[in-house]
There are 2 protein chains.
Amino acid sequence: MHQPEHLKNAGLKSTVPRLKVLSLFESGTERHMSAEDVYKLLLASGDDVGLATVYRVLTQFEQAGLLVRHYFEGGKSVFELNQGKHHDHIVCLQCGRVEEFYDAGIEARQEKIASDRGFSIRDHALHIYADCTKKQCPHKV
Amino acid sequence: MHQPEHLKNAGLKSTVPRLKVLSLFESGTERHMSAEDVYKLLLASGDDVGLATVYRVLTQFEQAGLLVRHYFEGGKSVFELNQGKHHDHIVCLQCGRVEEFYDAGIEARQEKIASDRGFSIRDHALHIYADCTKKQCPHKV
DNA sequence: ATGCAAATGATAATCGTTCTCATTTGCGAT
DNA sequence: ATCGCAAATGAGAACGATTATCATTTGCAT
Ligand SMILES: [Zn+2]
Ligand SMILES: [Zn+2]
Ligand SMILES: [Zn+2]
Ligand SMILES: [Zn+2]
């Protein structure tokens with residue numbers, strides 16, 4: 001088990017709710033989760049944490065660099081484990097499932113566009129909303 | 001005056017609040033506006049419309065294709081006149097001002113990425129959040 | 001001018017998220 | 001192991017953006 005060290009390294013003390021949230025993300029069951037998703041999954045597995053704590057912990061983990069937050073359409077934040085490699089997302093409009101991609105060309109062009117205009121990029125989000133073209137959506141659960 | 005025809009063409013009957021909202025967008029004062037922005041600008045110019053009506057009208061205009069809605073970070077929707085030409089956005093983190101850009105290369109790569117994965121794009125959003133690198137932010141009001 | 005469906009506006013309700021504050025907990029010092 | 005206390009938690013209130021409700025008003029076809 002190395003979760004406690006992950007927390008220590010991030011300057012966060014190791015508490016029960018934090019360990020539960022972190023191991024839920026590290027379990028890999030679901031890569032992209034909203035606060036509500038995390039809350040419900042924890043409740044379902046018998047662990048009871050407060051919703052407010054889930055929100056607080058997610059925000060702390062984001063600030064500590066353990067998680068990355070995305071703002072997808074629909075107004076709710078979605079978090080994922082920060083594996084150090086930036087990527088963008090395709091969201092399936094039929095099942096909501098998320099696929100990741102990375103395109104160096106797109107990244108490079110963004111840099112050029114920004115610097116040509118006198119900006120230095122701090123963050124960016126490329127979200128593609130799409131329909132699966134196959135007969136039955138293979139992304140459906 | 002051609003606003004009434006714009007509404008007619010969109011299948012919307014021409015009412016006072018709709019005309020006011022539409023002409024605010026067509027005036028070009030501010031290209032990207034949230035519901036609150038629209039509401040406040042209308043109040044400031046003496047026209048009094050209800051906030052609920054502003055929200056309804058913006059949604060109807062979006063559905064009618066008169067306006068395009070964007071979900072920027074921060075949780076509020078921003079609308080702009082649909083001029084038929086897709087473009088993406090750079091948001092200045094210092095003043096919140098929005099600059100538009102279009103890059104055919106980025107668009108083409110997105111298409112390829114999606115089709116390679118069996119998706120057909122319905123919509124996408126590329127938001128670049130950046131700091132202005134010049135001494136004093138030229139985008140400040 | 002008349003009638004009525006559609007639109008409006010005030011307000012309540014909803015949803016995601018943050019804040020408050022009394023209680024509990026992690027953990028370094030004893 | 002035990003104390004002490006700052007930090008963290010949880011329940012619920014508060015919040016900001018948006019949507020729903022519903023009585024009143026308005027556009028417009030007759
Ligand atoms: Zn990217
Ligand atoms: Zn991801
Ligand atoms: Zn684009
Ligand atoms: Zn724009």
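Predicted model only: the values in this text are computed from it and were never measured. The chains referred to below are lettered A, B, ... by the order of the sequence lines, with proteins before strands, and numbering in each begins at 1.
- Partner A/H87 forms a side-chain hydrogen bond (donor to acceptor under 3.5 Å, both in side chains) with one of A/E80, A/E99, A/E107 and no other, that one being A/E80.
- Taking atom OH of A/Y39 as the reference point, atom P of C/dT18 lies 16 Å away to the nearest angstrom.
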B/E73 vs B/H127, side chain to side chain donor-acceptor pair (under 3.5 Å): CA-CA, chis, key distance, verdict: CA-CA 9 Å; B/E73 287 184 13; B/H127 300 153; over 6 Å; no
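- One interatomic measurement links the two molecules: NZ of A/K20 to C1' of D/dA8, which rounds to 14 Å at whole-angstrom precision.
- Every residue meeting the side-chain contact (heavy atoms from CB on, under 4.5 Å) condition with A/E36, not counting sequence neighbours, appears here in chain and number order: A/S34, A/Y39, A/K40, A/L51.
- Between A/L19 atom CG and C/dG26 atom P there is a gap of 9 Å when expressed in whole angstrom units.
- Atom CG of A/L7 is separated from atom P of D/dA7 by 17 Å (rounded to the nearest Å).
- In this structure, A/E30 CD and A/L24 CG are separated by 9.0 Å, a value rounded to the nearest 0.5 Å.
- Between the P atom of D/dT18 and the CZ atom of B/F72 lies a distance of 13 Å, rounded to the nearest Å.
- Ring pair A/H124/A/H86 is perpendicular by interplanar angle, where above 60° counts as perpendicular and below 30° as parallel.
- Considering only heavy atoms from C-beta on, A/D103 stays 4.5 Å or farther from B/K112 through its side chain.
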Residue pair A/T53, A/R56: steps toward the side chain to side chain donor-acceptor pair (under 3.5 Å) verdict: CA-CA 5 Å; A/T53 301; A/R56 267 186 305 241; 3.1 Å; yes
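- Within the structure, every side-chain polar atom (N or O) of A/S34 is placed at least 4.0 Å from both OP1 and OP2 of C/dG16.
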Dump the pairs, protein N or O against N or O of nucleotides 26-30 of chain D, anything under 3.5 Å, distances to one decimal.
from   : atom 1 : to    : atom 2 : distance (Å)
D/dC28 : OP1    : B/S14 : N      : 3.2

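- Rounded to whole Å, the distance from CZ on B/R18 to P on C/dG9 is 11 Å.
- Atom CD in A/E36 sits about 11 Å away from atom C1' in C/dT17, given to the nearest Å.
- With respect to A/H89, the ring pair (Phe, Tyr, Trp, His ring centres under 6.0 Å) criterion is satisfied by exactly one of A/Y129, A/Y102, A/F72: A/F72.
- Looking at heavy atoms from C-beta onward, B/V98 lies out of side-chain contact with B/R31 at the 4.5 angstrom threshold.
- DNA chain C is contacted by B/D48, B/V49, B/G50, B/A52, B/T53, B/R56 of residues 45-70 of chain B, taking any non-hydrogen atom closer than 4.0 Å.
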